[in-house]
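Only one structure is covered here, and it is reproduced in the block below.
Lettering follows sequence order; numbering is per chain, from 1. Side chains included, hydrogens not; waters and symmetry mates left out as well; all remaining heavy atoms used.
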Amino acid sequence: MRTEIEGRDLVSLKGVHKAFGSFEVLRGVELGVAKGEVAAIIGPSGSGKSTILRTINGLTPVDHGVIQLGDITVTDPKVDKVALRHRVGMVFQQYNLFPHKTVLENVAMAPIQVLKEPRKDVEERARNLLAGMRLTEKALAYPGELSGGQQQRVAIARALCMQPEVILFDEVTAALDPEMVKEVLSAVRKVAEDGMTCILVTHEMRFAREAANRVFFTDKGVIVEQGEPKAFFANPQDPRTKEFLDKVL
Amino acid sequence: MSETSIFADVLRWLPFVLWGFGLNVLMSVLAIVLGTGAGVFLGLGQTSHIRLVGGVSRLATQLFRNAPWLVLLFYCIFLMPYSIVISGATYNVPSWLRATLGFSLPVAANFSEIVRGAIGSIPKGQWEAAEALGYSRSVTLFRIILPQCITRMLPPWMNLYALLITATPLASIVGVEEALARTQAAVQSEAQASFLIPMYATLLVMFFLYTYPISRISNALERRFRTV
Ligand SMILES: Nc1ncnc2c1ncn2[C@@H]1O[C@H](COP(=O)(O)OP(=O)(O)OP(=O)(O)O)[C@@H](O)[C@H]1O
Ligand SMILES: [Mg+2]
């Protein structure tokens, strides 16, 4: 289907298997995302979407298969974890900000402490990112003083501050009140439009259609179907995709 | 016998008993310091992913936590050497010091559980977020998890101290001349029944005045931390 660009994929998963105990969560996942692309992963609950994301930054080790991120082989047991985490950012459903640190510290601490970058540079970058998220005045606030939407935008700034090549978004609006979904989605969209490679798991079908270059549909641990969003939503091929889209649209 | 003379007798014995109470305070302070130090290691050990470390820490914690304090005290009093030799010089280990070590065992075990509980109460997402940012497990523990635990550990730690100070009179059983032992001595040497109740009441008031504020502060902290 898109074999012609496969060699240039920034992120590629080949034959990825993962079982928790006897329960096979991933049963041969094939996925490729090119640099600058925005990939949306959709699918029923429990189909393994979060697990796919977590294998990409090595939070969940795989049983079989190869995951490649540029020149890093994620599935190599001797992979340099810091280098990997430097290049892949992640934003979680529950924000997971550090409550005892200010917003600015949350954004700046990892590049300073993990990547050993000079504090002055990192803090300047962090302030710029916060400004981009329209959170300039919140730099010295604590996460507990922020709304869910604001916290999630801080989490996005925190991921960006590591200057990654790819950011993984795992249902970043699922824990938010409806009125905050929009502000976070537009923040994600801005990140994507600035050229960041994004892989996002989402239940927001409209967002997937508008913001993604490519949509992947997962069911029971495999990618059943993928395509350009327009064609994918207008004319799904696989019966499982059809059934899912009928339910959610 | 008039009431004023009983009051005068109590007052006369008060410094004697207060000096004994000083020993209770000294034992409790030393035991909480030693016990907290050891408890931190045991508690961190309990959360370790290294099998042996985790197993040993859990076993020690459960052993010392579920044993009567008095039994642990007896163990330390009778099993510890009465004197130690350091670079040629011989030092006697006074019984109050051996008792202190006896108290630090259950304190360590209880604090170990406080540490483990506090670490366990931090959402898993904190570990994951740190891991995704490239932090190692140990750096995550010390920079991200433990700082959040301190406020959670403070109230139970203070309660543990209050429990400890009220347990220190157990040392009188093994011959330590602390406040209870001295109160008993005072009562015996006065040899009058009417003296007994006021003297023991004085002892109770002493412990109460010392311990009650600690419990109050602990409760206040707990309420404060719960709301944030
Ligand atoms: N650490 C784990 N241990 C055991 N089972 C797990 C673990 N993580 C995930 N699972 C199971 O794997 C399956 C897939 O989980 P995953 O979180 O990847 O699904 P998902 O597609 O993201 O679902 P959702 O839309 O509900 O988030 C689920 O049934 C889940 O219970
Ligand atoms: Mg999920």
Side-chain angles (χ1 to χ4, degrees), chain A residues 50 53-61 79-101 105-117 122 142-145 151-152 154-164 166-170 175, chain B residues 36 39-40 43-44 47-51 53-54 111 114-158 217-228:
Chain A
S50 300
L53 288 192
R54 297 164 54 90
T55 59
I56 296 173
N57 69 347
L59 280 186
T60 299
V79 66
D80 178 350
K81 283 274 163 68
V82 171
L84 173 62
R85 271 61 191 265
H86 186 174
R87 291 169 69 172
V88 192
M90 187 160 194
V91 183
F92 300 85
Q93 182 176 333
Q94 299 295 343
Y95 342 128
N96 295 346
L97 296 178
F98 305 129
H100 60 304
K101 297 280 183 188
E105 288 171 324
N106 262 282
V107 176
M109 64 193 278
I112 295 170
Q113 294 172 354
V114 177
L115 306 179
K116 314 286 182 207
E117 293 176 12
V122 176
Y142 284 88
E145 301 162 349
Q151 289 192 54
Q152 196 57 295
V154 174
I156 295 171
R158 177 171 73 173
L160 284 168
C161 202
M162 292 287 276
Q163 299 184 300
V166 187
I167 299 188
L168 314 171
F169 296 88
D170 193 356
Chain B
T36 303
V40 168
L44 294 181
T47 64
S48 169
H49 280 187
I50 306 167
R51 273 257 180 89
V53 174
F111 194 63
I114 292 172
V115 171
R116 189 185 61 88
I119 292 175
S121 73
I122 304 293
K124 246 185 106 210
Q126 294 285 306
W127 289 95
E128 290 190 338
E131 196 180 352
L133 288 166
Y135 284 95
S136 67
R137 222 185 112 76
S138 59
V139 176
T140 304
L141 180 65
F142 285 101
R143 284 196 189 255
I144 291 159
I145 306 298
L146 285 181
Q148 299 182 51
C149 289
I150 299 216
T151 50
R152 292 171 198 230
M153 293 192 300
L154 203 54
W157 180 76
M158 293 179 76
I217 295 169
S218 160
N219 285 346
L221 287 178
E222 200 163 357
R223 239 173 296 128
R224 160 98 67 82
F225 295 146
R226 204 180 297 139
T227 53
V228 294

Does any heavy atom of chain B fall under 4.5 Å from the side chain of [X], the backbone, both, or neither of them?
X	result
A:L115	neither
A:V91	neither
A:F92	side chain

Locate the shortest heavy-atom distance separating [X] from [Y]; write the atom from each residue and the value.
X	Y	result
B:L133	A:R158	CD1-CD, 3.7 Å
A:R85	B:A132	CG-O, 3.1 Å
A:H100	B:P147	CD2-CB, 3.5 Å

task: Can you measure from CZ (A:F98) to CD1 (B:I122) and round to the nearest 0.5 angstrom?
output: 11.5 Å

Best-contacting candidate, [options], against chain B by heavy atom pairs under 4.5 angstrom:
options	answer
A:P99, A:G58, A:G89	A:P99
A:P164, A:A83, A:A110	A:A110
A:L59, A:V82, A:N57	A:L59

query: For B:E128, which of A:Q94, A:M90, A:R54 qualifies under side-chain contact (heavy atoms from CB on, under 4.5 Å)?
result: A:R54

task: Compare all side-chain heavy atoms of A:Q113 with those of B:Y135 and state whether any distance is below 4.5 angstrom.
output: yes

message: When you measure from the side chain of A:N96 to the backbone of B:G125, do you find a donor-acceptor pair of N or O atoms at a distance under 3.5 Å?
response: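 The answer is yes, because a donor-acceptor pair under 3.5 Å joins these two groups.
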
